[in-house]
There are 2 protein chains.
Amino acid sequence: MFKKVLIAEDHESTNISVRKTLEDLGIANKEFRYYCDDALKLIEIAFGQEDSFDLLITDLSFEEDKNIQKIAGGRELIKAARQLQPGLKVVVFSLENSIPVVDDLFENIGIDAYVRKARYDAVDLKRAIEAVFQNKKYRSADLMQNKRIENSYDFKAFDVEIITLLCNGTPQKNIPAYLQQNNIKPSGLSSVEKRLNSIKTALNISNNEQLIAYCKDKKII
Amino acid sequence: MFKKVLIAEDHESTNISVRKTLEDLGIANKEFRYYCDDALKLIEIAFGQEDSFDLLITDLSFEEDKNIQKIAGGRELIKAARQLQPGLKVVVFSLENSIPVVDDLFENIGIDAYVRKARYDAVDLKRAIEAVFQNKKYRSADLMQNKRIENSYDFKAFDVEIITLLCNGTPQKNIPAYLQQNNIKPSGLSSVEKRLNSIKTALNISNNEQLIAYCKDKKII
DNA sequence: TGATTGATTACGGATTCCCGTAAGAATCAA
DNA sequence: TTGATTCTTACGGGAATCCGTAATCAATCA
């Protein structure tokens, strides 16, 4: 089993139970940090002393507080850690349940496992750690399949941009001016209208208000 | 200290660390359930055997899965439990960080403590339990701030009604018809327009999209 | 080069929304 | 009942939107 594990997790209660899970797996040598910067520092120190960690278990989102952090979240933490120590195994343990976000972590960051905080997350985490120790990849069962249920729509950056503008109170007719100022590719009012229309058609949504509600519910904005 | 405590929390990892917190407080007689229905059933059984719980620690949101539940969330669970056993002490332990939501729990449900899942939530929870045991109310420090600081608006049932209709895709001009069908007091289109306008003016909001975003963020709908 | 295709934009009419004004109910007091 | 106040509704002009059509632009390829 892993010899030395670091937990990066801001919630104390979650932190505690992850430690307990590690104990159940017989891992005695473990550290935990509540902030990303602290976690990275520890990784660097251990690496410098040639006593490096061989597993990092980290959350994705860390709440901001008075302690201003250079590293804002788990994704950046993993990137920084891997830059120093490319062989470091990484298990992400987070509430995030968006498939694209998880896909990104596997494809672009090369994480070894993703465990979603959910009903049976402790046993799930245990399984993940065991799988990673055997050089396997792991992801929680309910994030395996493409959740392409029914009418779905793949929101592009442009879509998010214009919807965000609407949410900030920008009138639709003023959006082109903003887009031009920021050198965003299609900037015509017609393009904005067309895009909004195709989104609404794809999702069977009838007005802008319903669209905003949908995006808020799905955490798209 | 409390003699018998029930934990209603769907996340296994959180559940584990709440149990550990109770152990630290010297509470040996504790039960835990992952579903609201199971939790209520246990409360009923214990009450029937005259061995009732004297503290309930519960989450607010429970994820839906194959196990269809009659009781969907913590708020309903507390209401049902209190109906049976009015003296039951209740500590809510949740991610929710919206002040109005927490205010509602204290004012309309009469919970005894609210602990937000955050960085130092384990010690926070411990403090809350100790406070409640001394018949005090408790809420996490970062949720203390006075309710009506900024420009705020007191949403009435009517406001929520029409905003909800918009979110369901109802065109504004069709809202009067719906209101008449349901015998809701002002039903004229002008009244709807005026009301939306006064809300937006009060909150310094410029269009319906921004209003929906605001209401979603504040959990008004 | 010239042609084709697709994306972007411009335009215009129909609809809806916004908002001020005034007319119409309802409530209450004198 | 009368008058006053408030709430509700009706109306209308101007603005914004929706949406289809057509023109323009960009890129690729024969």
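Quick caveat, the model's predicted, so the values are computed rather than measured. Only heavy atoms go into these numbers, but all of them, side chains included; no hydrogens, no water, no symmetry mates. Chain letters run A, B, ... following the sequence lines, proteins first, then strands; residues in each count from 1.
Contact check of residues 178-191 of chain B against DNA chain D (heavy atom, cut-off under 4.0 Å) returns B:Pro186, B:Ser187, B:Gly188, B:Ser190, B:Ser191. DNA chain C lies under 4.0 Å from no heavy atom of any residue of residues 155-168 of chain A.
Listed by chain and residue number, B:Lys219 satisfy the side-chain hydrogen bond (donor to acceptor under 3.5 Å, both in side chains) test with B:Glu96 (two or more places apart in sequence, or in another chain). Under the side-chain hydrogen bond (donor to acceptor under 3.5 Å, both in side chains) criterion, A:Ser140 pairs with A:Asp124, not counting sequence neighbours. Residues passing the side-chain contact (heavy atoms from CB on, under 4.5 Å) test with A:Lys156 are A:Asp154, A:Asp159, A:Arg195, sequence neighbours excluded. Every residue two or more places apart in sequence or in another chain that forms a side-chain hydrogen bond (donor to acceptor under 3.5 Å, both in side chains) with A:Glu63 is listed here: B:Arg116.
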Got a list of side-chain donor-acceptor pairs under 3.5 Å for residues 127-136 of chain A, not counting sequence neighbours?
| residue | atom | partner | partner atom | Å |
| --- | --- | --- | --- | --- |
| A:Gln134 | OE1 | A:Lys136 | NZ | 3.1 |
| A:Asn135 | OD1 | A:Lys89 | NZ | 2.6 |

Sequence neighbours excluded and cut-off under 3.5 Å, please list the side-chain donor-acceptor pairs for residues 167-194 of chain B, or say none.
| residue | atom | partner | partner atom | Å |
| --- | --- | --- | --- | --- |
| B:Asn168 | ND2 | B:Thr164 | O | 3.4 |
| B:Thr170 | OG1 | B:Leu165 | O | 3.0 |
| B:Gln172 | OE1 | B:Asn208 | ND2 | 3.2 |

Nucleotides 22-26 of chain C: which of its N/O atoms have a protein N/O under 3.5 Å away?
none

Using a cut-off of under 3.5 Å, enumerate the N/O to N/O pairs linking the protein to nucleotides 13-16 of chain D.
| residue | atom | partner | partner atom | Å |
| --- | --- | --- | --- | --- |
| D:dA16 | OP1 | A:Lys173 | NZ | 3.3 |

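Mapping B:Glu193 and A:Glu193 onto DNA chain D via the closest heavy atom, the residue that lands nearer the 5' end is B:Glu193.
Checked by atom type, the side-chain pair B:Asn67/B:Tyr35 shows a donor-acceptor distance below 3.5 Å.
For the ring-ring contact (aromatic ring centres under 6.0 Å, His included) condition, no pair includes a residue of residues 86-116 of chain A, sequence neighbours left out. Pairs passing the salt bridge (charged side-chain N to carboxylate O under 4.0 Å, His left out) check and including a residue from residues 66-81 of chain B, sequence neighbours excluded, read B:Arg75-B:Asp104.
We find that A:Arg119 and A:Asp142 are not joined by a salt bridge, their nearest charged nitrogen and carboxylate oxygen being 4.0 Å or further apart.
Side-chain contact between A:Val91 and A:Leu56 is absent, with no heavy-atom pair separated by less than 4.5 Å.
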